[in-house]
Amino acid sequence: LFGTFGPEKLGFLPILLAFLFCWCTRREKYPNLVGVPRMTWKAVIGDAFLRLLKTWPGLLVFSFVASFVLSGSPEQEVVRKLANPESFEEVLIIAGYAVLVAPLLEEFLFRGILYRAMKKPFGIGFAILLSAFLFALVHKNALSFLPLTFLGVFLALAYERTGDLRTCILMHAFFNLIMVLFVVVRHAF
């Protein structure tokens with residue numbers, strides 16, 4: 001979302017962390033969107049990880065298809081930077097952004113705002129597909145478009161089924177963490 005990753009691009013981080021702290025430590029035990037009592041953090045973490053594991057075979061298939069059909073397309077800029085970092089600090093900044101900042105911002109935007117706003121006038125199915133399409137489109141990469149659309153569908157489905165944005169944020173964070181580790185390990189050896 002923000003192009004290059006440097007300290008000047010992370011000036012909003014203290015505000016985001018303060019908001020995250022307030023949001024995570026609130027004490028309300030209200031039902032979520034589907035009328036189910038809020039899950040504990042432990043339950044949300046487990047649920048998010050299992051939901052991501054269930055989507056993994058589809059992500060692999062869509063990644064394979066995209067790499068076969070678009071074999072000449074470049075990787076995302078952030079993947080190239082992560083594969084050939086200038087310093088260890090750059091790896092930490094990219095990883096921190098990918099695992100903490102991007103999932104929070106993107107899930108609030110795509111599932112918390114866009115999906116919810118489109119669901120009522122357009123219906124659940126169309127809202128899921130459009131929010132997933134926009135989620136993939138904002139990453140500006142042809143090679144990752146199909147896998148990210150697929151992931152976006154499952155993030156919206158997770159939100160629809162649990163009514164808990166924390167599940168989507170954690171699924172997204174786990175996905176990004178796995179991708180960061182994969183890129184770093186792949187290029188280290």
Side-chain angles (χ1 to χ4, degrees), residues 1-2 16 19-20 23-24 26 28-67 69-70 73 76 78-79 97-182:
L1 283 173
F2 299 101
L16 182 65
F19 174 76
L20 178 63
W23 181 65
C24 291
R26 65 181 190 232
E28 305 99 59
K29 298 295 182 197
Y30 56 86
N32 61 20
L33 295 176
V34 292
V36 177
R38 275 177 59 92
M39 291 187 281
T40 65
W41 274 100
K42 184 179 177 181
V44 170
I45 291 168
D47 184 53
F49 189 73
L50 287 175
R51 286 178 188 277
L52 182 61
L53 281 179
K54 290 177 184 177
T55 65
W56 209 258
L59 286 167
L60 289 175
V61 168
F62 278 99
S63 294
F64 176 76
V65 168
S67 65
V69 172
L70 302 166
S73 296
Q76 287 180 305
V78 70
V79 173
Y97 180 83
V99 175
L100 300 173
V101 178
L104 278 168
L105 293 176
E106 292 176 5
E107 293 312 312
F108 275 113
L109 175 63
F110 291 102
R111 262 53 72 182
I113 297 172
L114 288 175
Y115 171 70
R116 287 178 65 190
M118 292 185 296
K119 188 168 84 165
K120 194 168 191 172
F122 300 116
I124 292 171
F126 186 76
I128 287 173
L129 291 175
L130 186 57
S131 66
F133 175 82
L134 293 172
F135 170 69
L137 195 61
V138 80
H139 288 85
K140 300 179 195 171
N141 185 267
L143 197 57
S144 64
F145 183 78
L146 282 176
L148 289 178
T149 301
F150 182 80
L151 179 63
V153 165
F154 278 89
L155 289 168
L157 284 171
Y159 187 56
E160 182 62 32
R161 291 187 178 140
T162 65
D164 198 331
L165 199 56
R166 296 176 301 168
T167 302
C168 304
I169 293 168
L170 288 172
M171 282 177 69
H172 193 151
F174 289 148
F175 173 79
N176 286 358
L177 176 63
I178 292 167
M179 293 292 94
V180 165
L181 291 173
F182 175 75

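All values reported here derive from a predicted model rather than from experimental measurement.
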Rounded to the nearest 0.5 Å, what separates atom [atom1] in [X] from atom [atom2] in [Y]?
{"X": "E160", "Y": "I128", "atom1": "CD", "atom2": "CD1", "value": "6.0 Å"}
{"X": "S131", "Y": "F126", "atom1": "OG", "atom2": "CZ", "value": "10.0 Å"}
{"X": "L177", "Y": "L100", "atom1": "CG", "atom2": "CG", "value": "9.5 Å"}
{"X": "L130", "Y": "K119", "atom1": "CG", "atom2": "NZ", "value": "15.0 Å"}

Here the side-chain hydrogen bond (donor to acceptor under 3.5 Å, both in side chains) pairs for residues 46-57, sequence neighbours left out, are D47-R51
Shortest non-hydrogen contact between [X] and [Y], atoms and distance:
{"X": "A102", "Y": "A98", "value": "CB-O, 4.1 Å"}
{"X": "T162", "Y": "T167", "value": "OG1-OG1, 3.8 Å"}
{"X": "M171", "Y": "L52", "value": "O-CD2, 3.8 Å"}
{"X": "H172", "Y": "E107", "value": "ND1-OE2, 2.6 Å"}

(message) With side-chain contact (heavy atoms from CB on, under 4.5 Å) as the criterion, how do L59 and F175 come out once you've worked through the C-alpha distance, each side chain's angles and the decisive distance to 0.1 Å?
(response) CA-CA 10 Å; L59 286 167; F175 173 79; 3.9 Å; yes
Applying side-chain contact (heavy atoms from CB on, under 4.5 Å), name anything that partners [X], two or more places apart in sequence or on another chain.
{"X": "L114", "result": "L109, F110, M118, L134"}
{"X": "A117", "result": "none"}
{"X": "N141", "result": "Q76, L143, S144"}

For residues 148-155, dump all side-chain donor-acceptor pairs below 3.5 Å to protein atoms at least two apart in sequence or in another chain.
from : atom 1 : to   : atom 2 : distance (Å)
T149 : OG1    : F145 : O      : 2.8

- Item | pair L170-F49: side-chain heavy atoms closer than 4.5 Å | no
Across all chains, not counting sequence neighbours, the ring-ring contact (aromatic ring centres under 6.0 Å, His included) partners of Y115 are none
